[in-house]
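When reading the values below, keep in mind they use all heavy atoms of this one structure, side chains included, and skip hydrogens, waters and symmetry mates.
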Amino acid sequence: MPAALHSYTARRIAQTVLVVILTYVLVFFILFILPGDPIQQQIENPQNPIPAADAKILLQYYHVDRSGLDQFWIAFRRLVQGDLGYSLTTGKPVASLILQAIPQTLALASTALVFTGVIAFVIALAAAFAPSSVIRGIARALPGAFLATPSFLVGFLLLQLFSFQLGWVSAIRDEGFKSVILPALALAIAVSGPIAQVLIQGLNRAYGEPFVTVLRARGLGEARIVLGHVLRNAAIPTVTLLGLTLGELLAGSVVTETIFSRTGIGFLTQQAVREQDAPVILAVVMLVSTVFALTVLITDLIYPLIDPRIAARPIPATADQASD
Amino acid sequence: MDNDESARLKLPVLSVRDLAVVYGGRRDRLDSTALHGVSFDIAAGETLALVGQSGSGKSTLALAAAGLLPANGRIVHGEVHLRGERVTHHDRRRWQKLRGKVLGFIPQDPLGSLDPLQRVGHQLAQSLILHGIARRSEAREQAIGLFDRVGIREPRLRFDAYPHELSGGQLQRVLIAIAVAAHPSLLVADEPTSALDVTVQRRILDLIEDLQDELSLSLLLITHDLALAKERSHRLVVLNHGAVRETGDTATIMTAPRDSYTVQLLADAPALSPDKFDTLRHARGPLAAVPAIEIRDLTKTFRNRSTAHVAPALDKVSFTVTRGAVHALVGESGSGKTTAARIVAGLSGFDSGSVTVADRTLPLHPPATNHHARTLQLVYQNALAALDPKFTIAEALAEPLRIHRLGSAAQRHASIRAILEQVGLPDSILERRPRDLSGGQRQRVAIARALLLQPELLVLDEPTSALDVTVQARLVELLMELKQRNGLTYLFISHDLSLVRQIADEITVLSAGKVVETGPADRILSSPSHPYTADLLAAVPGRGGFRSAA
Amino acid sequence: MTEQLEYSAIPRRRLPTLPPLLRGLSVADALALGFAGLLLVAVIAPQLLTPYDPLVPDPGATLQAPSLAHPFGTDYLGRDLLSRVIHGTWRTIAGSLVAVMIGLFGGIVLGIASAYFGKTVDAIIGRAVDVLLSIPGLLLSMVIVVSLGFGALNVAIAVGIASVAVFTRLMRSEVLTVKELGFVEASFHLGESRWGVLRRHILPNAYGSVLALTALQFGAAILWIASLSFLGYGAAPPDPEWGLLVAEGREYVVSSPWMVFLPSLVVVASVLAISHISHLLRERVA
């Protein structure tokens, strides 16, 4: 690896760390400092009274009497030590709440990611190459329709059809992987629109490139041209959407998990926002934004492996450059 | 050789009869006829050049003959026979059997014509395997051998290169290797060298000629360059607006053209009429040795921040432009000629040296806003990019007058009309927008806009290189006329030595950022002192004789 | 030839001249514009579109299926659902408008500053945009809404702040792209000042895509506001709001699915209409 690439990698990693830290600063200030005193408010919340003894512990733990900057430094130092604080409604450690919720969300998000890829590819291929112009037209319109559809509508439609009408999956009981399919599909439909759009554009552009004419002139069949060359060229830009898609999947799980009664990160978030449970919200946002920032970092760093043009290293130039 | 074989050999390799091609589907109301009633034959081993300007239908003809018409183009009349087989209405499946084996195709743009994600060697090996020339295990060695044959140095190393890692000439060699991999009888080459530098162009065409002799290939050569066709083809078809204007022996047409359009083309090709402006120059007499631009030890390097790669663009460049002269700055791509022009025009800074324009020394780092617009103006190569698409031509022409607060509204109006007349444009274009104009018209607008500020100096950055030969000829005539009328000095950037020969008083030859030679045009063109200049001159097509019969 | 002569010989009645923006509309264009017009009426004068009061319950007509009298049916209190949708329009649409205005204004100022005022400003704004973009928009608006407190207006403001980064990034990249185009350099070369180039060349050439993003973001804001209200962070019952209507209907989704699906479909139709109009605008204006 040349030195330039090393310094690029180092710079990108430093940049990512900086963004994650700045995100923490921003969200901390929005949640803890701007609204006045969320902890005191929460303790005095008439709907959710906290025993006086617990309240005292919370007030001491968060040092609400200190200045905003002091509170931040205390929280930041604890964060570095792995202490995410305590929920203001249940008093449980935030870290354990998050750890409990992660498996559910991981199953949902990873299934949804697979569905997203499949849906986007099928739509894009149909939009570009379907033999019937009607199918092509429908496939071209689908991503826009997906983008216009609120995820709760998709969720309710799937529930109505597969749970209430056909009775394939229970709407309430957890039936393992079977229960993941519907919410994952709802999430996937919500986030696959942009990917399908980028793919359709990529396919149309790649199919119009002069190299396709040359491949045809070499005697390659259409199927081989599309599957072996055009598709790969068209799919590359979608890699840059991976971070965005993961972020949207996690954020979208707030609505989806609520509808499908799942108890993952999304449900935790929804509860925390409803109860204005700032420490939990902060932790969730940091989790999501860190996943996003890391994914973007990784896709940036491996991009040269996917697209050789990015790594543009000059081939040992010799005298023959002058000859040509 | 049995009878069938000899009968087949007597048949033309490619025969096109009365061909008509139309673009536009049923839904598209704008059906446009791209070709009508075109006929010609190519015999075995023969080179036929298809010459025409943009829009003449020459590329359509190449694609139709190769079965590569885009989806919205279709043959509506006539026949195409390939080695005796009627291929007029072959579908993709039947064409697929002929491709590579009977017909090879060399595209125009080498960079975009290879899959950017695959190593070039694999793309060639794939063809070898596909056509049963090589087994999978031996494809690599065979491909390397073929790379060697088409003149790719270090073929083993290049086998694993990606397209973006090779130069345009190298890529064109790869594409030629792919085209001849399965031993076709006919090569269709669509402007195979128009994207390449002149010296590279010559080597590529030499290679194709060698391969032609070696593999007894026929060649359908599509080109806009008459001089090139003159040197490289046995027979010629001149196309205009989709119809054949003249067809016959290359030597006959070049020496005694019968069609008026061919006559015009020949007269407008700079390579074929080098002394067109000599009378104009003689009438003016010798120039006084007053410098308009003086460049001393001009150095500039480009730094790539991410790779820390330092590339010198200009290395101690020195030359002088005499007031009233046409000073041509000549070089191939990457020679630094455009960089030099941009520095003179105050568009980029430089590292060291001195640049004096009309007695004013330029700063190392010029400000964004040009405060000396009325002394010197630059005319861009691409006029379409240099005109704001949102502006009408009237607004674009008024812009310099508005910026410099020249004259009242009525006076501005009058000067715009006057300048339009000078550059030969009608008033009716004033309300149009740049994209609605032809390339030649746009370049005239750009020149008019520059002249509205009445500068003493014009820097012309390849102002005609994107234009057809007849349009170029009219524009060059206009430039020479404007120069004489307004007493201008031109710094003329060009890669086209034939054009430079026609118009230049002085020449500076740049190569890899260094001045190779500078001085009076007559001396440099007749007795170049540097081998690079000699090489450059020798590579200009149209200087040699005709090609002998096949 | 004869056809042409005959045609021109007939004295043609002059058609009422449409403004050029409206000429040659397709059926889909007309549908989108018509629906947008309905939305506008529903925002300004909802009582013109429905005879029912959205807040008055009718205990004798609870959970009725869609009928001629109640095209969207009635809810669990017997309130007419269509009139609740119509009267709820302004909370969603006006809210989205507020959100887009905040995003657009912030984005234009920050984007131009970032692209035009040198490296330090660009680095600061660039990091800020990176930070904001690293949190998915819906989540970021939740965070802001927690800080501002629940309510329809606060949700709109939160969505607006959450979309500033997208506008900033687009504005910045548009200005930078246009700045690199040949005609900008050509204008500097003619002697134009920095402000002159920005005003006469860069902004006019950048505004087409900003306009398109505005329309797109308007649709996204509708979805976000509906989602946030659905989750219960926006308008409070008994006020009608689209997302809230869906949430209220949720309990009855098995027996009275229209309570969920009809308000949702209005959301879809609004976003589709607006995105269609954005395409139309891009074609005709930019």
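The cationic group of Arg218(A) does not satisfy the cation-pi geometry with Phe211(A), failing either the under 6.0 Å distance to the six-membered ring centre or the 45° limit from the ring axis.
Using bins of under 30°, 30° to 60° and over 60° for the plane-to-plane angle, the ring pair Phe72(A)/Phe76(A) lands in the parallel bin.
A distance-only check finds a donor-acceptor pair linking the side chain of Asp197(B) to the backbone of Ser333(B) [under 3.5 Å].
Ionic pairing of Asp535(B) and Arg202(B) is present here: one or more N-O contacts between side-chain nitrogen and carboxylate oxygen are shorter than 4.0 angstrom. Classification of Lys58(B) and Glu191(B) as a salt-bridged pair holds, one side-chain N sitting under 4.0 Å from a carboxylate O.
Using a 4.5 Å cut-off between heavy atoms, Leu117(B) touches chain A through backbone and side chain atoms alike. Using a 4.5 Å cut-off between heavy atoms, Ile236(A) contacts chain B through its side chain alone, with no backbone atom that close. Of the two parts of Asp115(B), the backbone and the side chain both hold a non-hydrogen atom closer than 4.5 Å to a non-hydrogen atom of chain A. Residue contact with chain A, scored on non-hydrogen atoms closer than 4.5 Å, involves the side chain of Pro107(B) exclusively. Proximity to chain A is absent for every atom of Leu111(B), based on heavy atoms less than 4.5 angstrom apart.
With respect to chain A, the highest number of heavy-atom pairs below 4.5 Å among Gly100(B), Ala181(B), Gly112(B) belongs to Gly112(B). Put simply, of Glu332(B), Gln126(B), His131(B), the one with the most heavy-atom pairs under 4.5 Å next to chain A is Gln126(B). Note on Gln123(B), Gln172(B), Arg93(B), Lys97(B): by heavy-atom pairs under 4.5 Å with chain A, the leading option is Gln123(B). Between chain B and the residues Leu215(A), Val212(A), Leu220(A), the most heavy-atom pairs under 4.5 angstrom are made by Leu220(A).
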Inset, instruction - Step by step, work out the salt bridge (Lys or Arg N to Asp or Glu O under 4.0 Å) result for Glu165(B) and Arg158(B). - result: CA-CA 9 Å; Glu165(B) 295 168 332; Arg158(B) 294 291 181 273; over 6 Å; no

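Inspection of the Tyr23(B) and Thr60(B) side chains reveals an N or O donor paired with an N or O acceptor under 3.5 Å.
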